[in-house]
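Notes to accompany the following structure.
Just so you know, these numbers come straight off a predicted model, no measurement behind them. Chain A is the first sequence line, chain B the second, and so forth, proteins listed ahead of strands; every chain is numbered from 1.
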Amino acid sequence: MACFVAPVTEAVVTTVMAKVVKSKENKEALKNVHMEESSFNNKKIAFSTKLGWLNKMLWGGSALLAFEHIWHGEVIATFPFLTAIKSGEAIGMLKEIGTTGVGMAVLVTAVWGVMLIVSSALEKRAANEVNLAKETN
Amino acid sequence: MTLLIAVFAAIASTIAWYLSLEKKSELQLGFLSLMFWGASLMWFVDAVVEYIEEGAEYFNQAPFDMLNDAYLGLVVVALGMVIWLVSLIIKDPKGLIKSRLIGSRK
C-alpha cells in the first residue's frame with residue numbers, strides 16, 4: 001500500500017545527518033591541516049561517506065519500490081495520492097507501514113551496520129600493514 | 001520474480017563495480033549497486049511478509065502474475081539504470097561534459 005514511506009522517512013533523517021557530519025568533518029579537516037595529523041587518519045573512510053552508502057540504499061530502494069506501487073495502482077497522481085486513503089483503508093495502510101515498512105528500514109540499516117563492521121575491519125588491517133611496513137623499514 | 005530480477009541486477013552491478021575499482025573508473029557503479037541492493041532488501045521483506053501470510057501458496061503463482069512481475073522487474077532495472085545515468089551526467093565526475101561544452105563555445 002505505502003510501505004516505502006518508512007524507508008523514505010529514515011532516508012530524510014540520514015540525509016540531514018550526513019550533511020551535518022560532512023560539515024563537521026570539513027571543519028576537522030581544516031584543523032588537521034594545521035596540526036599535521038598522521039597520514040593513517042587521512043586514509044580512513046569518512047563517516048559521512050559511510051552514511052552516504054545508507055542514503056543510497058534507502059533513497060534508491062524507496063524510489064524503485066515507489067515505482068512498483070505506481071505500477072500496481074497503489075500510488076496515484078491526484079490527491080490524496082494513495083488509493084488506500086481514497087478507499088478508506090487508512091488504518092490497514094498505517095499497519096503495513098508500521099510492520100513491512102519498518103521491517104524494510106530495519107533490514108537495510110542492519111545490512112549497512114554489517115558493511116560498517118567489515119569496512120572498519122579492513123581499515124584496521126590496512127593500518128596494521130602500514131605500521132608493520134614502517135617497523136621493518 | 002521482481003525480487004529475483006532485482007537481486008540479479010544487484011549482483012551484476014556489484015561485480016561491475018568491483019571490476020571498475022581496478023581501472024579506477026569514475027562511473028559511480030557503487031551507487032547503482034547500492035540502489036539495487038536497497039530495493040532487493042526491501043522486496044525481500046515484502047516477500048517474507050507475504051510468505052508468512054500465504055504460506056507455501058506464495059511460491060505457486062499464476063503464470064500471468066509471474067509474467068507481470070517479471071515485466072515489472074525488467075522495467076525497474078531499466079528505471080534504476082536511468083536514475084544512475086542521469087546522476088552520472090549531472091555529477092560528471094571527470095568533467096568531460098563540462099570541458100566539451102566549454103570547448104564547443106570556444
Side-chain angles (χ1 to χ4, degrees), chain A residues 1-11 14-15 18 45 49-75 92-93 95-116 118-119 122 126, chain B residues 1-10 13-14 17-18 21 27-54 58 64-65 67-88 91 93:
Chain A
M1 286 182 213
C3 49
F4 65 92
V5 171
V8 164
T9 310
E10 189 190 344
T14 55
T15 304
I45 301 169
T49 308
K50 290 175 181 175
L51 260 176
W53 302 340
L54 180 62
N55 284 339
K56 282 166 191 163
M57 281 201 285
L58 288 171
W59 280 119
S62 304
L64 299 182
L65 212 70
F67 178 77
E68 189 227 304
H69 285 72
I70 295 168
W71 182 280
H72 288 133
E74 292 165 351
V75 175
M93 184 195 73
K95 197 182 162 193
E96 201 205 57
I97 293 170
T99 52
T100 314
V102 169
M104 287 170 175
V106 167
L107 182 66
V108 171
T109 313
V111 168
W112 175 70
V114 173
M115 285 166 73
L116 286 189
V118 171
S119 69
L122 289 172
Chain B
M1 280 300 271
T2 313
L3 168 65
L4 207 60
I5 290 169
V7 169
F8 279 126
S13 57
T14 307
W17 164 78
Y18 183 75
L21 287 179
L27 284 173
Q28 298 186 328
L29 288 163
F31 168 57
L32 185 66
S33 69
L34 285 172
M35 181 164 50
F36 284 140
W37 278 120
S40 300
L41 290 169
M42 290 178 194
W43 272 313
F44 175 72
V45 173
D46 214 22
V48 168
V49 170
E50 270 185 58
Y51 179 76
I52 291 166
E53 285 171 359
E54 294 172 25
Y58 172 74
F64 176 77
D65 291 340
L67 194 70
N68 189 261
D69 273 359
Y71 184 33
L72 170 64
L74 291 174
V75 174
V76 159
V77 171
L79 178 69
M81 291 182 85
V82 167
I83 294 170
W84 163 71
L85 202 64
V86 169
S87 156
L88 186 68
K91 284 186 179 166

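Proximity to chain B is absent for every atom of A/T99, based on heavy atoms less than 4.5 angstrom apart. Only the side chain of B/V49 comes within contact range of chain A, judged by heavy atoms closer than 4.5 Å.
Listed here is the closest heavy atom pair of A/M115 and B/L34: CE-CD2, 3.8 Å. Across all their heavy atoms, A/G61 and B/M42 have their closest contact at C-SD, 3.6 Å.
Under a cut-off of 6.0 angstrom, the local environment of OH in B/Y58 is crowded, with over 12 non-hydrogen atoms contributed by other residues, nucleotides or ligands.
Going from atom CE of A/M104 over to atom CH2 of B/W43 covers 9.0 Å, rounded to the nearest 0.5 Å. Rounding to the nearest 0.5 Å gives a distance of 9.5 Å between CZ of A/F67 and CD1 of B/I83.
Counting heavy-atom pairs closer than 4.5 Å to chain A, the top residue among B/T2, B/L79, B/V48 is B/L79. Here A/L64 is the residue among A/V106, A/V111, A/L64, A/L54 with the most heavy-atom pairs under 4.5 Å with chain B.
A/H72 has its side chain within reach of B/L72: a pair of non-hydrogen atoms, C-beta onward, lies under 4.5 Å apart. Between A/W71 and B/V75, some side-chain heavy-atom pair lies under the 4.5 Å cut-off.
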